[in-house]
Amino acid sequence: MQDSAGATYRVTPTKVVTGTAADVDNSGLERDAKEGPQIPVFVWSTLTHEGGKAMRVGDMDDDLVIKTSSGQRTRALIVLLGQAKWPNCPAFDSDKKLAAGRSERICTAFLIPEGQRASAVELTQGYYKEPLEWPVKS
C-alpha cells in the first residue's frame, strides 16, 4: 500500500453466503487434518476508492475478517496460482488499480470450522482501534 499512501477508500460488505464441505471438496484445496473439517464463507463487498492516488483492489480488501459464532476470527483464504476454484465466488484481479470515484464488486473466500457460522464481517483498523463490524443475519 506504500504506492497509494494517503489514499482513502470505503469497503461495504453486501452479501455473505456460507458454503458446504462439498464446496471445499470440489475446490481443489487439500484438506488440512490439523485444522479439522472446514466450510467456506463467501463475502461479497463493494470497494470504492474515495480519493488520493490510484489504489490496488488487493490493498482495499486486506483487512476483512470473518468472526464466527464461537468468537473465532479468520482472515481471507490466500490462494496461490489458482489452486482453489469457487464457482459462486470468482477470483478478482488484486493488481487492478482503481482511480478516485471508481468501485469494484468482489468476492472473498474464508474458511471457518464446520459446525460454526459467520456471525459478523469485520474490517480491522490497526492495533489501536476497534474493528468496524457488520453483523451477519442468519
Side-chain angles (χ1 to χ4, degrees):
M1 196 149 129
Q2 192 74 348
D3 58 345
S4 56
T8 58
Y9 63 97
R10 180 177 58 234
V11 177
T12 308
T14 57
K15 180 169 83 168
V16 177
V17 176
T18 301
T20 65
D23 291 326
V24 175
D25 292 339
N26 296 326
S27 72
L29 284 178
E30 290 185 25
R31 288 190 178 258
D32 184 347
K34 71 177 182 175
E35 293 291 330
Q38 296 185 310
I39 56 172
V41 173
F42 307 110
V43 176
W44 286 89
S45 303
T46 300
L47 309 176
T48 304
H49 185 295
E50 294 187 326
K53 296 178 183 176
M55 288 188 73
R56 289 178 55 248
V57 171
D59 286 343
M60 291 186 231
D61 84 323
D62 278 353
D63 297 323
L64 282 177
V65 173
I66 284 290
K67 181 178 170 184
T68 70
S69 51
S70 72
Q72 178 180 337
R73 288 177 170 83
T74 185
R75 291 197 172 274
L77 180 64
I78 297 174
V79 178
L80 302 174
L81 303 171
Q83 72 188 85
K85 298 202 181 335
W86 310 104
N88 299 322
C89 185
F92 62 91
D93 180 0
S94 63
D95 290 327
K96 179 179 180 179
K97 288 198 171 191
L98 296 182
R102 304 292 298 182
S103 294
E104 185 84 6
R105 187 163 188 258
I106 66 163
C107 182
T108 308
F110 299 81
L111 289 178
I112 65 171
E114 192 171 31
Q116 294 188 32
R117 64 175 183 76
S119 63
V121 176
E122 295 182 339
L123 183 71
T124 61
Q125 301 185 90
Y127 294 106
Y128 302 107
K129 290 185 180 177
E130 288 294 314
L132 299 174
E133 184 175 289
W134 293 268
V136 173
K137 296 181 176 128
S138 300

Query raised in the report: For the residue pair His49 and Ala7, what are the closest heavy atoms and their distance?
Result: NE2-CB, 4.0 Å
Query raised in the report: How long is the span from the CH2 atom in Trp134 to the CG atom in Leu64, to the nearest 0.5 Å?
Result: 7.0 Å
**Report entry** Spacing of Ile66 atom CD1 and Gln116 atom CD [to the nearest 0.5 Å]
**Finding:** 12.0 Å
Query - With sequence neighbours excluded, residues passing salt bridge (Lys or Arg N to Asp or Glu O under 4.0 Å) with Arg75 - result: none
Report task. Evaluate the criterion side-chain contact (heavy atoms from CB on, under 4.5 Å) for residue pair Val121 and Val136; output intermediate values, then yes/no. Result -> CA-CA 7 Å; Val121 176; Val136 173; 4.2 Å; yes
Report summary line: Interatomic distance, CZ@Arg56 vs CD@Glu104, rounded to 0.5 Å, equals 13.0 Å
Requested in this report: Take Ser27 and Trp86 through the test side-chain contact (heavy atoms from CB on, under 4.5 Å) and record every step on the way to the result.
Outcome: CA-CA 6 Å; Ser27 72; Trp86 310 104; 3.6 Å; yes
Requested in this report: Side-chain contact test, heavy atoms from C-beta onward, threshold under 4.5 Å: evaluate it for Met55 versus Leu98 and give yes or no.
Outcome: no
Report summary line: Scanning both residues in full, the closest heavy-atom pair of Asp59 with Tyr9 reads O-OH, 3.9 Å
Query raised in the report: Which atom names give the shortest non-hydrogen contact between Cys89 and Ala109, and what distance separates them?
Result: SG-N, 4.3 Å
Requested in this report: Could you check Val41 against Val17 for side-chain contact (heavy atoms from CB on, under 4.5 Å), going step by step and ending with a plain yes or no?
Outcome: CA-CA 6 Å; Val41 173; Val17 176; over 6 Å; no
Query - Spatial distance of atom OG1 (Thr124) from atom NZ (Lys129) [nearest 0.5 Å] - result: 11.5 Å
Query raised in the report: Which heavy atom in Ala100 sits nearest to a heavy atom in Gly52, and how many Å separate them?
Result: CB-O, 4.4 Å
Report task. Check for a donor-acceptor pair, side chain of Ser45 on one end and backbone N or O of Leu47 on the other, with a separation under 3.5 Å. Result -> no
Query raised in the report: Which pair of heavy atoms, one from Glu133 and one from Pro135, lies closest together, and at what distance?
Result: O-CD, 3.8 Å
Query - Residue pairs fulfilling salt bridge (charged side-chain N to carboxylate O under 4.0 Å, His left out) with at least one residue in residues 10-25, sequence neighbours excluded - result: Arg10-Glu50, Asp25-Arg31
Requested in this report: Could you tell me which residues satisfy side chain to side chain contact (heavy atoms under 4.5 Å, CB included) with Thr14, sequence neighbours excluded, listed by chain and number?
Outcome: Thr12, Trp44, Thr46, Arg105
Report task. State plainly whether one hydrophobic cluster holds both Val65 and Val16, where clusters connect Ile, Leu, Val, Met, Phe, Trp and Tyr through side-chain heavy atoms under 4.5 angstrom apart. Result -> no
Report task. Calculate, to the nearest 0.5 Å, the distance between atoms OG and CE belonging to Ser94 and Met60 respectively. Result -> 11.5 Å
**Report entry** Minimum heavy-atom distance Ala21-Ile39, with the two atoms named
**Finding:** N-CG2, 3.7 Å
Query raised in the report: How long is the span from the CD1 atom in Ile112 to the CZ atom in Arg117, to the nearest 0.5 Å?
Result: 9.5 Å
